[in-house]
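Inspection log for the structure reproduced underneath, given as structure tokens.
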Amino acid sequence: MEQADIAGLSLSEYARRRFFGGTIAACTDVKTVGELRRIGGLLKHNFATLRQVKAPRGIMEKQEDALRKLVCLIQKIGMALDDRQKNQEPEN
């Protein structure tokens, strides 16, 4: 029941997917990636504002570093989701 809850599925849907080899992604991971992408979009939008006000190079570098870290985090979560889904798929 806990795993079904984490995945955001009913217990019966969770059981069907486990039995028939469907994929199950943790609902929280999917939501987290969506939120991180939203934040990344806001950071990218902020670059235009920083360019317009001719922000010092140091501020731009901090912003670029934050965006790089965000992209890396999204990739790590995505890879973990892929690995979990591959481990849940039945072998042929």
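Heavy-atom basis, side chains included; hydrogens, waters and symmetry copies ignored. Position 1 is the first residue of the sequence; numbering continues from there. What you are looking at is a predicted structure, and each value in this text was computed from that prediction instead of being measured.
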Residue list, side chain to side chain contact (heavy atoms under 4.5 Å, CB included) with Q75, at least two apart or on another chain: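 Result, side chain to side chain contact (heavy atoms under 4.5 Å, CB included) vs Q75: V71.
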
Side chain to side chain donor-acceptor pair (under 3.5 Å) partners of K76, counting only residues at least two apart: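 K76 satisfies side chain to side chain donor-acceptor pair (under 3.5 Å) with no other residue.
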
Any residue meeting side chain to side chain donor-acceptor pair (under 3.5 Å) with Q52, in chain and number order, not counting sequence neighbours: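 Counting only residues at least two positions away or on another chain, Q52 forms no side chain to side chain donor-acceptor pair (under 3.5 Å).
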
Residues that, via side-chain heavy atoms closer than 4.5 angstrom, fall in one hydrophobic cluster with L11: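 Cluster partners of L11: M1.
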
Donor-acceptor contacts under 3.5 Å from residues 36-48 side chains, at least two apart:
residue	atom	partner	partner atom	Å
R38	NE	E35	OE1	3.3
R38	NE	E35	OE2	3.1
R38	NH2	E35	OE2	2.6
N46	ND2	Q63	OE1	3.1

Within residues 62-75 or reaching into it, pairs that qualify as salt bridge (Lys or Arg N to Asp or Glu O under 4.0 Å) - sequence neighbours excluded: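 Every pair satisfying salt bridge (Lys or Arg N to Asp or Glu O under 4.0 Å) with a residue in residues 62-75: R57-E64, D65-K69.
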
